[in-house]
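Written below as structure tokens is the structure these notes are about.
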Amino acid sequence: MRSRRNFIKVSGMATLGFMGLHQWIKSPAQAATFASAAPGYGPLLPDPAGIINLPKGFTYKIISKKGDLMDDGLFLPGAPDGMATFAGKNGRVIVVRNHENSPDSFSNGAFGAQNELLTKVSADNFY
């Protein structure tokens, strides 16, 4: 059934579709203007150390690497995939990391390649 309500609905959907299509068919001049006005921090600059490219004005500091000895006497595990920081006492920062290590591979673990540091942790602390 044709009705005014149906006409408005269909024409509104068509209008929205063409509005989105407009973004895909810009002229090269329009596209260049849009690209230069895009939000962000600018292009990534090559890192001389080859670790991570960052925009101008950004810096990084490596706080630890896989295999570094931690203050608990264990090795920093490999395969990190998540991290969070929390305020600690006396202005210190607590870093908590998650590592995607496989239980059958010790090469990335905190206890050493042969689990030689396993006895440094009480069995009560495992879960």
Side-chain angles (χ1 to χ4, degrees):
M1 171 184 267
R2 296 176 192 237
S3 68
R4 186 186 314 191
R5 179 177 289 161
N6 191 40
F7 173 77
I8 292 172
K9 178 180 172 185
V10 171
S11 59
M13 289 188 325
T15 301
L16 286 174
F18 281 110
M19 288 172 64
L21 182 62
H22 171 71
Q23 297 297 318
W24 294 99
I25 56 172
K26 291 180 181 172
S27 70
Q30 287 174 316
T33 302
F34 179 75
S36 65
Y41 298 103
L44 298 179
L45 303 176
D47 178 11
I51 296 171
I52 186 169
N53 298 333
L54 298 171
K56 182 178 180 179
F58 283 68
T59 61
Y60 67 87
K61 179 181 177 183
I62 297 172
I63 58 172
S64 58
K65 295 181 183 178
K66 172 190 165 184
D68 286 353
L69 201 60
M70 298 185 291
D71 61 3
D72 62 0
L74 302 176
F75 295 113
L76 183 69
D81 77 334
M83 182 167 66
T85 58
F86 303 92
K89 293 179 182 177
N90 301 319
R92 298 189 78 171
V93 176
I94 300 166
V95 177
V96 178
R97 291 187 188 139
N98 180 45
H99 300 266
E100 289 298 323
N101 291 321
S102 174
D104 59 347
S105 174
F106 303 129
S107 63
N108 282 327
F111 305 114
Q114 302 301 317
N115 274 341
E116 61 271 16
L117 302 179
L118 190 57
T119 58
K120 287 188 167 265
V121 179
S122 168
D124 294 338
N125 291 334
F126 287 99
Y127 59 93

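Just so you know, residue 1 is the first one in the sequence shown, and it goes up from there. Only heavy atoms go into these numbers, but all of them, side chains included; no hydrogens, no water, no symmetry mates.
- When all heavy atoms are compared, the tightest approach of Asn101 to Ala79 is OD1-CB, 3.6 Å.
- Cluster membership check: Ile63 does not share its hydrophobic cluster with Tyr60, using side-chain heavy-atom separations under 4.5 Å among Ile, Leu, Val, Met, Phe, Trp and Tyr.
- Interatomic distance, Lys65 NZ to Leu76 CG, rounded to the nearest 0.5 Å: 11.5 Å.
- Checking side-chain atoms of Asn53 against main-chain N and O of Asp47 turns up a donor-acceptor pair under 3.5 Å.
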- request: Carefully, step by step, assess Leu54 and Tyr41 under the rule side chain to side chain contact (heavy atoms under 4.5 Å, CB included).
  value: CA-CA 9 Å; Leu54 298 171; Tyr41 298 103; over 6 Å; no
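- Under the side-chain hydrogen bond (donor to acceptor under 3.5 Å, both in side chains) criterion, the residue pairs touching residues 74-93 are Asp81-Asn98, with sequence neighbours excluded.
- Note that CG of Leu117 is 9.5 Å distant from CG of Asp72, once rounded to the nearest 0.5 Å.
- In this structure, Pro77 and Met70 approach most closely via the heavy-atom pair CD-CE, 4.3 Å.
- Looking at every heavy atom in both residues, Phe75 comes nearest to Glu116 through CE1-OE2, 4.2 Å.
- In the hydrophobic clustering of ILVMFWY residues, with side-chain heavy atoms under 4.5 Å counting as a link, Phe58 and Ile51 come out together.
- The two residues Arg97 and Ser64 come nearest to each other via the heavy atoms NH2-OG, 2.8 Å.
- Of all the heavy atoms in Val95 and Met83, the pair that sits closest is CG1-SD, 3.5 Å.
- What you find for Leu44 and Pro55 is that their closest heavy atoms are CD2-CD, 3.6 Å.
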